[in-house]
Amino acid sequence: MQIRSLLSQRIEAAFTALGLSGQALLQSASRPEFGDYQANGVMAAAKRAGQNPREVAQAIIDAIDLDGIASDLSVAGPGFINITLAPQFIANAATSPQPSVDPQRVVVDYSGPNLAKEMHVGHLRGTIIGDCIARVLESLGHTVIRQNHVGDWGTQFGMLLTFMAEQEEASDSLADLENFYRQAKQRFDTDDDFQTRSRQAVVQLQSGNADMLVEWQKFIEISMSHCQSLYDRLRIDLSDADMDGESSYNDDLKHTIEHLDSQGLLTESDGAQCVFLDEFKNKDGEVQPVIVQKSDGGYLYATSDLACLRRRVGDFKADRVLYFVDARQTLHFKQVFAVAAAAGISNSKVELVHMPFGTMLGKDNKPFKTREGALVKLSELLDEAIARASKLLQEREVQNKNPDIDDAELAALAEIIGIGAVKYADLSKNRTSDYVFDWDQMLSFDGNTAPYLQYAYSRTRSIFTRSGVDASALPEHVISEGEPERRLAVAIAGYQDLLEQVALEGFPHQLCAYLYDLAGRFTQFYEQCPILTSDDAVKTRRLTLTKQTGDVLANGLTLLGIQVAERM
RNA sequence: GCACCUGUAGUUCAACUGGAUAGAAUACCAGGCUUCGAACCUGGGGGUUGCAGGUUCGAGUCCUGCCGGGUGCGCCA
């Protein structure tokens, strides 16, 4: 249930009844003693009307009808309304996520690695954040169209294909893509003849030379299989079906330029085709151009993104298009969206959003440069994560706690915990800020980490396996009693609100923070409220809360792309 | 030069977009397992939110100016 919007509506209706206007500004209470939720909007509304905020707040409390929803309403401070939910309402609000009343078609553009190289740790963010938001949107009933805009076209492929032609066994030498790229680059930089042949290869490729295309296809397939194996290890919901390579727009670039021309948007400048828009004017009134075609006739990536939008808006009929792309491309997207709007490629009904994420920095707080050897391969990070988790499992003698656990299950656990920790370390941080890559931080298993949440989940499960109680036989709703139960129940009831917020704003760290808070409330409840030794009625109630907690933790972690284990 | 982002405990990060006493984790200190799982819990210290003004009932958040860090800016993607 969407508690926040329900309460907001009621309070805003009371505003109207009192001749006021404004938003309720509803949020969960900043402190437990203030109740469960608080409305902050009264002060501003009263001020606009020239009235006393505390009196207005009291008038709203007197007028509003929250029977069966709130058990207590009070005025606090300069004019806050504190709201304590009714126990029955909290109980009924605890349901699995409900589909949106307004399902949309949402294109989610994420991951987008450059297929010329192997994926490194810098590719992690865009891949897992986009994947998480795609899952959240889907869980709310939206139709998600995943688009992996891979870099599979352009000048560097001429060099790679020429180098590949020299190798006896292409698939073997491509086993280490990073090394392959380095060797090719070295040839390119030191051998003039090689360089010339590389340039010719590009021309042949882009003009559709059949032999060259076959070689290119071979390379792309091998490189893509590298990516796919990482996606599989990371449980990323991407496959060949979601491939949206730059190459697929090659034939449409010409038409895109023609379209811009037909809209009267093109201006030639120094031989290049440009779009000048007033909104990119600086203080001196000079307009910055968006170049869509080079003086030699070649196209640029703005052109390719415009062609891309033609497909997403025109063919896919998207209501929203979300780009999970590095923050350094902010200006680029502003330009593309503006040109698309001016050209009628997009329209006011479709929402185009660049959801930027921060740059990865080295330990010295400086941007991770592509110096040779400076980049950590993503596969190496995952290997290390699993190795550390495996060591931890040995140290904790998990087999002593779970005598029937075998080596295979232990290995599976190490993977679930290790990969989960890596993903959570990234997902739990605000998307937009830069971050420092640090092994130990990335692979921590203590505190606010995925293992903590996975551990909390496994505890909810172990109660059932140890007691033999059938979780499906429990009632769907129970009315909590006492603070620990109540605090837990309120958090469970707020899950839907949280998911809606994440779907709207695209910040996975909010989901992480919610789950961490929920898990904390659960362990506090667990410490203070005996379950299995209690009377039947109390036991049933507490088991139900335990089951609900486990369900939300499992669901939330799944949406983060993190697996759970029944025991660990 | 112009534009955008950014500065919060020793460290890594939050703060629901202007709300009440700025919260977690980590590290450190003191407690807690014969009692449903100690990857945990309870308590403690640790802050002039870069600096200085301003806006208002109220500012980490908004505006201005400095200082420090980063990124982008006509034919790479």
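Throughout, protein chains are lettered first and strands after them, A, B, ... in sequence-line order, and every chain is numbered starting at 1.
Taking atom P in both A24(B) and G68(B), the straight-line distance is 35 Å, to the nearest Å. C4(B) and C62(B): their P atoms are spaced 14 Å apart (whole Å). Taking atom P in both U61(B) and A52(B), one finds a spacing of 13 Å when rounded to whole Å. Rounded to whole Å, the P atom of U21(B) lies 49 Å from the corresponding atom of G74(B). When the P atom is used for both G50(B) and G10(B), the distance is 13 Å, rounded to whole Å. Comparing the P positions of G18(B) and A3(B) gives a spacing of 23 Å, expressed to the nearest Å. Comparing the P positions of A39(B) and U26(B) gives a spacing of 13 Å, expressed to the nearest Å. One C1' atom belongs to A22(B), the other to G46(B), and the distance between them is 14 Å to the nearest Å.
Base pairing of A30(B) is made with U42(B), judged by Watson-Crick or G-U wobble geometry with both donor-acceptor distances under 3.5 Å. The nucleotide G60(B) finds no pairing partner, because no Watson-Crick or G-U wobble arrangement with both distances shorter than 3.5 Å includes it. Using Watson-Crick or G-U wobble geometry with both donor-acceptor distances under 3.5 Å, U17(B) finds no partner in any strand shown. Using Watson-Crick or G-U wobble geometry with both donor-acceptor distances under 3.5 Å, A24(B) finds its partner in U12(B). When Watson-Crick and G-U wobble pairs are counted only if both distances are under 3.5 Å, G65(B) pairs with C51(B). Across all strands shown, C73(B) forms a Watson-Crick or G-U wobble pair, both distances under 3.5 Å, with G1(B).
Ser534(A) contributes a side-chain N or O that, together with a main-chain N or O of Pro530(A), makes up a donor-acceptor pair within less than 3.5 Å.
At least one side-chain nitrogen or oxygen of Tyr455(A) sits closer than 4.0 Å to the OP1 or OP2 atom of A39(B). OP1 or OP2 of C76(B) sits under 4.0 Å from a side-chain N or O of Lys294(A). Phosphate contact (OP1/OP2 of G70(B), side-chain N/O of Arg328(A), threshold under 4.0 Å): absent. When the side-chain nitrogen and oxygen atoms of Tyr452(A) are compared with OP1 and OP2 of C41(B), one or more of them lie within a distance under 4.0 Å. Put simply, Thr303(A) has no side-chain N or O that comes within less than 4.0 Å of OP1 or OP2 on A77(B). For A38(B), neither phosphate oxygen OP1 nor OP2 lies less than 4.0 angstrom from any side-chain nitrogen or oxygen of Lys401(A).
Scanning all heavy atoms of the two residues, the minimum distance from Leu553(A) to Ala519(A) falls at CD2-CB, 4.3 Å.
Judged by a 6.0 Å distance limit and a 45° cone about the ring axis, Arg459(A) is positioned over the six-membered ring of Tyr526(A).
With centres under 5.5 Å and a plane angle under 30°, the ring of Phe80(A) is stacked against the base of A20(B).
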Review point. For Asn430(A) and Tyr435(A), what are the C-alpha separation, side-chain angles and deciding distance, and is it a side-chain hydrogen bond (donor to acceptor under 3.5 Å, both in side chains)?
Key: CA-CA 9 Å; Asn430(A) 189 315; Tyr435(A) 74 116; over 6 Å; no
Check your understanding: Between Phe337(A) and His354(A), does a ring-ring contact (aromatic ring centres under 6.0 Å, His included) hold up when you go through it step by step?
Key -> CA-CA 9 Å; Phe337(A) 296 164; His354(A) 175 211; 7.6 Å; no
Please produce a list of atom pairs where a protein N or O lies less than 3.5 Å from an N or O of nucleotides 21-24 of chain B.
| from | atom 1 | to | atom 2 | distance (Å) |
| --- | --- | --- | --- | --- |
| U21(B) | O2' | Arg31(A) | NH2 | 2.7 |
| U21(B) | O2 | Arg31(A) | NH2 | 2.7 |

Taking only nitrogen or oxygen atoms into account, show me every contact under 3.5 Å that the protein makes with nucleotides 30-36 of chain B, one pair per line with its distance.
| from | atom 1 | to | atom 2 | distance (Å) |
| --- | --- | --- | --- | --- |
| C36(B) | O2 | Ile531(A) | N | 3.4 |
| C36(B) | O2 | Leu532(A) | N | 2.9 |
| C36(B) | N3 | Ile531(A) | N | 3.0 |
| C36(B) | N4 | Tyr526(A) | O | 2.4 |
| C36(B) | N4 | Cys529(A) | O | 3.0 |

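Among the protein residues, Ser28(A) comes within range of the nucleic acid bases, having at least one heavy atom under 4.0 Å from a base atom.
Two residues are said to be in side-chain contact when any heavy atoms from C-beta on lie closer than 4.5 Å; Arg461(A) and Phe464(A) meet this criterion.
To the nearest angstrom, C1' of U17(B) lies 8 Å from CD of Glu505(A).
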